Amino acid sequence: MPKAFKGVTIFLLILILWGSPFQGRTFFYGRLRSSIFQGSVFQGSIFQGSALAFEKHAKEANSRLEYANLPFFQKFNDDILIQYIVCALVNNYNLKSLRARINEVRESKNIEVSKQFPSFSVGANYLGLKIPRVAIPFQGFRDNAFALPFIANWEIDLFGKRKNKIDMAHFDVDSAIYNERGAVIALASEVAGIYFNISNLNSQIEIQKRIIQNKKERLRRVQKSFDRGVLGVQALNNAKKEAEYEEITLNDYKKQRQSFILNLAYLTGEAPDCIKDYEFSRIEDIEFGGKIPDCINSDVTIQRPDVLQKEAALKKAKIDITLARKEFLPNINVFGVLMFSTLTPNFRWDGAVANLLAGATENIFSGGKRIFNLKAKKFAYERLLNEYLEADLAAIKEINDAMYQLKTDIQSYNSNLKNLNFEEDNFVRVSNSYRYGVSNRLDMLDSDNNFLYEKSKVLNSKVQKFADLISLFKAVGGCL
């Protein structure tokens with residue numbers, strides 16, 4: 001398996017020690033654990049010597065597993081598929097970036113929270129004075145002194161402005177979380193889709209090699225018939241052209257497989273030189289063991305990350321309108337200074353200077369700025385409302401499209417299975433006829449290729465059915 005599974009080892013240890021909601025699924029903690037507990041575990045790990053970091057990444061691991069909805073992918077009964085999905089969740093740099101974005105926005109929210117408390121500062125200053133002795137008789141003041149002022153400042157949130165800003169910051173955090181959740185679902189779905197395509201292409205290459213073998217044997221026999229004068233040049237050219245066409249098809253399959261494998265390496269955070277170690281199950285052995293729904297309630301759209309993200313933005317815009325209205329209200333501030341200095345002898349309390357200022361500040365005229373700002377916030381809310389409604393409608397459309405395509409492709413898959421059975425029966429009959437000398441070798445080779453062509457169609461339609469399932473999984477926001 002690729003080197004990236006060393007990261008999965010850390011991920012799995014997190015799940016075991018922290019307590020995953022999927023504990024008890026023995027196959028996930030069985031073969032998965034035995035296959036990835038190889039090599040160095042904590043070499044270069046960010047968890048070394050840091051229990052807090054371990055706890056932090058344990059929570060991240062649990063949330064990503066919940067977002068990806070692994071029980072859905074476990075219904076395909078393929079341990080290797082689960083390994084690749086978990087590996088991508090651990091090592092994908094885009095997810096790491098989104099997690100960092102969540103932490104960044106969360107700290108921005110904490111900054112807003114901190115602003116509701118008073119600020120307190122202290123300074124050390126040199127003070128040089130020249131006091132006119134004529135105007136102010138000498139009172140013991142010094143020309144050169146040092147001052148130590150303590151300054152306090154507090155904006156009293158009487159009208160709830162600060163609370164509104166904190167609430168808006170909360171919705172920014174929620175929006176970042178929904179963004180990561182959508183990325184996790186998309187990543188798990190993309191990895192699964194690539195995995196099924198690679199498994200299918202592996203089988204298609206095997207089938208294509210058998211077809212090429214039959215075509216080459218057919219070409220040899222046609223060549224012998226041509227040499228003996230039984231067949232003409234046209235028949236020989238057609239046989240050569242068919243053999244070359246199958247070689248081109250094989251090269252296309254290999255090119256597609258290489259592209260998919262490189263993409264899988266990219267999604268799992270691996271270097272391309274590790275692709276030789278990748279393993280895949282046979283597509284013939286993969287079956288979806290879950291129940292395919294006949295219909296889906298449209299209410300499931302409210303669980304989609306993109307819809308939730310639009311909703312969070314809409315709620316934030318509503319608070320922004322409230323905050324724009326409160327800009328017409330005054331600001332209430334408390335400002336205080338306590339300063340000790342050496343202007344008077346001994347730097348003592350009796351020489352301290354204190355000042356306290358509390359009051360309201362109202363901006364009387366600003367050129368209509370606050371009115372224009374309020375109108376802009378209202379238009380922004382209207383825009384976001386339309387975007388929310390459009391996202392909800394698009395989600396319903398996407399679900400309906402996925403459901404229709406899935407049902408249609410299931411019918412096509414079942415029809416291809418029937419055709420495969422027909423071709424298998426034809427091949428058996430032609431083989432029996434050839435054995436008894438009724439049919440020739442060319443007829444049997446053509447019948448074998450027809451069977452292989454139908455098998456190729458069956459596998460392609462099977463993968464298309466899996467792709468439709470994954471599309472439906474994404475359309476319902478992972479709630480399938």
Side-chain angles (χ1 to χ4, degrees), residues 11 20-22 57 59-75 82 85-86 88-106 108-109 167-194 267-268 293 296-319 380-381 383-403 405-406 467-480:
F11 188 80
S20 170
F22 305 115
H57 288 274
K59 293 179 179 179
E60 293 180 3
N62 267 331
S63 63
R64 288 179 183 173
L65 271 184
E66 293 173 1
Y67 298 158
N69 190 10
L70 279 184
F72 168 77
F73 295 101
Q74 290 170 354
K75 293 176 183 178
I82 302 299
I85 292 176
V86 174
L89 295 179
V90 173
N91 298 318
N92 185 263
Y93 290 104
N94 183 47
L95 290 187
K96 293 180 181 180
S97 175
L98 292 176
R99 177 63 64 168
R101 174 59 182 167
I102 292 175
N103 295 330
E104 176 187 352
V105 176
R106 186 174 283 120
S108 298
K109 181 261 297 182
D167 292 339
M168 291 173 62
H170 274 293
F171 286 120
D172 285 336
V173 175
D174 292 341
S175 179
I177 292 175
Y178 296 143
N179 190 25
E180 184 200 33
R181 177 178 169 182
V184 168
I185 294 173
L187 177 63
S189 301
E190 187 173 1
V191 169
I194 291 174
L267 293 177
T268 54
I296 293 179
N297 194 323
S298 60
D299 291 341
V300 75
T301 58
I302 63 176
Q303 298 300 323
R304 281 175 50 121
D306 58 337
V307 175
L308 290 172
Q309 195 172 8
K310 296 291 185 182
E311 182 180 357
L314 188 62
K315 292 179 179 178
K316 177 185 175 182
K318 185 176 181 181
I319 297 176
Y381 179 83
R383 172 179 57 82
L384 291 171
L385 176 61
N386 290 326
E387 290 180 0
Y388 173 78
L389 296 175
E390 192 275 336
D392 185 65
L393 189 61
I396 296 176
K397 173 184 175 297
E398 188 176 342
I399 292 175
N400 288 330
D401 288 344
M403 284 291 297
Q405 292 178 11
L406 177 59
D468 294 336
L469 274 169
I470 294 174
S471 297
L472 182 61
F473 171 79
K474 290 174 60 179
V476 299
C479 301
L480 189 61

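All residue numbers refer to positions in the sequence shown, counting from 1. Predicted, not measured: the structure shown is a model, and the values here were computed from it. FYI, side chains are in, hydrogens and waters are out, and symmetry mates aren't considered; it's all heavy atoms of this structure.
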Give a yes or no on this: more than 12 heavy atoms of other residues, nucleotides or ligands lie within 6.0 Å of atom NZ of Lys75.
yes
Do the rings of Phe72 and Phe473 sit parallel, tilted or perpendicular, given the 30° and 60° boundaries?
parallel
Please identify each residue that fulfils side-chain contact (heavy atoms from CB on, under 4.5 Å) with Leu393, with sequence neighbours left out.
none
Heavy-atom pair with the smallest gap, counting every atom of Val300 and Cys479:
CG2-CB, 4.1 Å
Name all residues meeting the side-chain hydrogen bond (donor to acceptor under 3.5 Å, both in side chains) criterion together with Lys316; count only those two or more places apart in sequence or in a different chain, and write none if there are none.
Asp172
Does Ser97 use its side chain to pair, donor to acceptor, with the backbone of Tyr93 at less than 3.5 Å?
no
How long is the gap from CD on Glu180 to CD1 on Ile185, to the nearest 0.5 Å?
10.5 Å
So how far is it from Thr268 OG1 to Leu89 CG, rounded to the nearest 0.5 Å?
11.0 Å
Roughly how far, to the nearest 0.5 Å, is CG of Leu406 from CD1 of Ile399?
13.0 Å
Would you check, one step at a time, whether the test side chain to side chain contact (heavy atoms under 4.5 Å, CB included) holds for Tyr67 with Ile177?
CA-CA 10 Å; Tyr67 298 158; Ile177 292 175; 3.4 Å; yes
Which heavy atom of Ala183 sits nearest to which heavy atom of Asn94, and what is that distance?
CB-ND2, 4.4 Å
Closest heavy-atom pair, Leu95 versus Ala88, reported as atoms and distance to 0.1 Å, is CD1-O, 4.3 Å
What pair of heavy atoms forms the shortest contact from Val307 to Ala391, and how long is it?
CG2-O, 4.1 Å
Excluding sequence neighbours, so at least two apart, what forms side-chain hydrogen bond (donor to acceptor under 3.5 Å, both in side chains) with Asp468?
Gln464
Exercise: identify the closest heavy-atom pair between Ser189 and Ile470
CB-CG2, 3.4 Å
Residues which pass side-chain contact (heavy atoms from CB on, under 4.5 Å) with Asn179, listed by chain and number, not counting sequence neighbours
Leu98, Gln309
Determine, stepwise, if the pair Val476 / Gln303 fulfils side chain to side chain contact (heavy atoms under 4.5 Å, CB included).
CA-CA 7 Å; Val476 299; Gln303 298 300 323; over 6 Å; no
Does any non-hydrogen side-chain atom of Pro293 lie less than 4.5 Å from one of Leu472?
yes
Output all residues satisfying side-chain hydrogen bond (donor to acceptor under 3.5 Å, both in side chains) with Glu104, sequence neighbours left out; order by chain, then residue number.
Arg101
Under the side-chain contact (heavy atoms from CB on, under 4.5 Å) test, which residues partner Leu308, sequence neighbours left out?
Tyr178, Arg181, Glu311
Which residues satisfy the salt bridge (Lys or Arg N to Asp or Glu O under 4.0 Å) test with Arg383, sequence neighbours excluded?
Glu387
Residue pair Ile194, Glu190: steps toward the side chain to side chain contact (heavy atoms under 4.5 Å, CB included) verdict:
CA-CA 6 Å; Ile194 291 174; Glu190 187 173 1; 4.0 Å; yes
Nearest heavy-atom contact between Ile85 and Ala188 is CG2-CB, 3.9 Å
So, using ring-ring contact (aromatic ring centres under 6.0 Å, His included) as the criterion, who are the partners of Tyr381 when residues are at least two apart?
none
Those residues that, when tested against Lys109, pass salt bridge (Lys or Arg N to Asp or Glu O under 4.0 Å) (two or more places apart):
none
Could you note down all residue pairs passing side-chain hydrogen bond (donor to acceptor under 3.5 Å, both in side chains) where residues 390-399 supplies at least one of them, sequence neighbours left out?
Thr301-Asp392, Arg304-Glu398, Lys397-Asp401
